[in-house]
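Take a look at the structure set out below.
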Amino acid sequence: MQDNDALDILNELRTELGGSRGLFSKKPDIELCSELCDKLARVLPDSINEAEYVKQKRKEILSNADVVAKNTIRVAEEKAERIASESEVVKKAQIDAKQIIENAYTQCDNLILRTKAHLDNMFKETEQFLLSTLSVVRTNREELRSALVDDTQKR
């Protein structure tokens, strides 16, 4: 087992605390459980760092989308101005320019919406992973406490 896989550590801890043997069938190896908790404490910061990385990437993606959108609009406006100044039929050039700008705004809006939806999905998956991990840790702590209380009462 690698030291950087939180789910593997949690599964091993769950197996030690309960698993198919049952919580009362075999006394859990407290030292092993302690080592597994230590490993988990070492890898959880990595998961949190990954979440921060996703958050930073979200900012970068939105920033890049904004730059792309502004460039698209700038190019469209420049093209519209060129068409208007070079064309003999100014009215048609103005209509074309407006349509190009509207299309650019529509593309910009669509790009931003898709980016936000993608980021929302990434955050949702990260949140679900962290909630699942927290739930497993909480369950394991409760089982460990129960086992400790039972061991104390048996003595």
Side-chain angles (χ1 to χ4, degrees), residues 1-81 97-155:
M1 179 185 68
Q2 298 177 355
D3 277 351
N4 61 356
D5 191 351
L7 292 177
D8 286 345
I9 294 168
L10 288 172
N11 286 334
E12 188 174 339
L13 185 59
R14 181 181 292 136
T15 299
E16 181 60 30
L17 291 175
S20 62
R21 296 178 293 222
L23 188 57
F24 302 108
S25 302
K26 175 187 174 280
K27 185 174 177 181
D29 182 352
I30 299 300
E31 185 175 324
L32 175 61
C33 291
S34 179
E35 288 174 16
L36 292 173
C37 287
D38 289 344
K39 284 182 182 180
L40 190 57
R42 285 192 304 271
V43 299
L44 278 180
D46 290 338
S47 297
I48 292 169
N49 288 338
E50 288 176 19
E52 283 296 323
Y53 175 77
V54 168
K55 183 179 173 183
Q56 181 60 33
K57 280 299 179 186
R58 173 190 176 270
K59 288 179 184 177
E60 291 175 20
I61 290 170
L62 286 175
S63 176
N64 288 341
D66 188 50
V67 169
V68 168
K70 287 178 181 177
N71 286 339
T72 302
I73 290 169
R74 183 185 50 77
V75 167
E77 289 172 342
E78 289 173 0
K79 185 175 180 181
E81 288 176 15
K98 286 180 184 178
Q99 185 62 45
I100 289 169
I101 290 171
E102 287 176 14
N103 288 342
Y105 279 117
T106 300
Q107 289 176 1
C108 173
D109 291 343
N110 288 338
L111 179 61
I112 289 171
L113 287 175
R114 286 194 323 253
T115 301
K116 286 180 179 179
H118 176 71
L119 289 170
D120 182 59
N121 189 44
M122 288 173 58
F123 282 126
K124 178 183 174 186
E125 291 175 7
T126 301
E127 178 184 23
Q128 289 172 343
F129 168 76
L130 291 174
L131 287 173
S132 173
T133 301
L134 181 60
S135 176
V136 170
V137 169
R138 189 173 288 127
T139 301
N140 288 339
R141 281 190 67 212
E142 290 170 3
E143 290 178 3
L144 179 60
R145 284 181 186 162
S146 176
L148 288 173
V149 168
D150 289 345
D151 285 346
T152 303
Q153 290 175 353
K154 287 180 184 177
R155 290 179 190 182

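- Using a 4.5 Å heavy-atom threshold, the side chains of E81 and E78 count as separate.
- Note that the CZ atom of R114 and the CD1 atom of I61 stand 12.5 Å from one another [nearest 0.5 Å].
- With rounding to the nearest 0.5 angstrom, the CD atom of E142 is 12.0 Å from the CG atom of L17.
- Heavy atoms from other residues, nucleotides or ligands lying under 6.0 Å from CD of Q56 number more than 12.
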Quick one: side chains of residues 103-112, donor-acceptor pairs under 3.5 Å with protein atoms, not counting sequence neighbours, listed by atom name and distance.
unit_1, atom_1, unit_2, atom_2, d
N103, OD1, Q99, NE2, 3.0
N103, ND2, Q99, O, 3.4
T106, OG1, E102, O, 2.9
N110, ND2, T106, O, 3.3

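- Between atom CD1 of residue I101 and atom CD1 of residue I73 there is a gap of 8.5 Å, rounded to the nearest 0.5 Å.
- In this structure, K124 NZ and Q128 CD are separated by 5.5 Å, a value rounded to the nearest 0.5 Å.
- The two atoms that bring F123 and R58 nearest to each other are CE1-CD, 2.9 Å, heavy atoms only.
- Proximity of E12 to I9: side-chain heavy atoms (C-beta onward) are nowhere separated by under 4.5 Å.
- At distances below 3.5 Å, at least one donor-acceptor pair connects side-chain atoms of T126 with backbone N or O atoms of M122.
- Side-chain contact annotation: N121 with E125, donor-acceptor N/O pair under 3.5 Å present.
- One distance of note links OG1 of T115 with CG of N64; it measures 9.5 Å at 0.5 Å rounding.
- A 4.5 Å side-chain heavy-atom check between R14 and L10 finds every atom pair outside the cut-off.
- Heavy atoms only, all atoms of each residue included: L62 and L119 are closest at CG-CD1, 4.0 Å.
- In this structure, the separation between NZ on K39 and CG on D8 is 10.0 Å, given to the nearest 0.5 Å.
- A donor-acceptor pair under 3.5 Å links the side-chain atoms of N140 to the main chain of V136, judged by distance alone.
- Residues meeting the side chain to side chain contact (heavy atoms under 4.5 Å, CB included) test with I30, sequence neighbours left out: L144, L148.
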| Between E127 and L130, does a side-chain contact (heavy atoms from CB on, under 4.5 Å) hold up when you go through it step by step? | CA-CA 5 Å; E127 178 184 23; L130 291 174; 5.9 Å; no
| Pair D38-R42, salt bridge (charged side-chain N to carboxylate O under 4.0 Å, His left out): steps then yes or no | CA-CA 6 Å; D38 289 344; R42 285 192 304 271; 5.6 Å; no
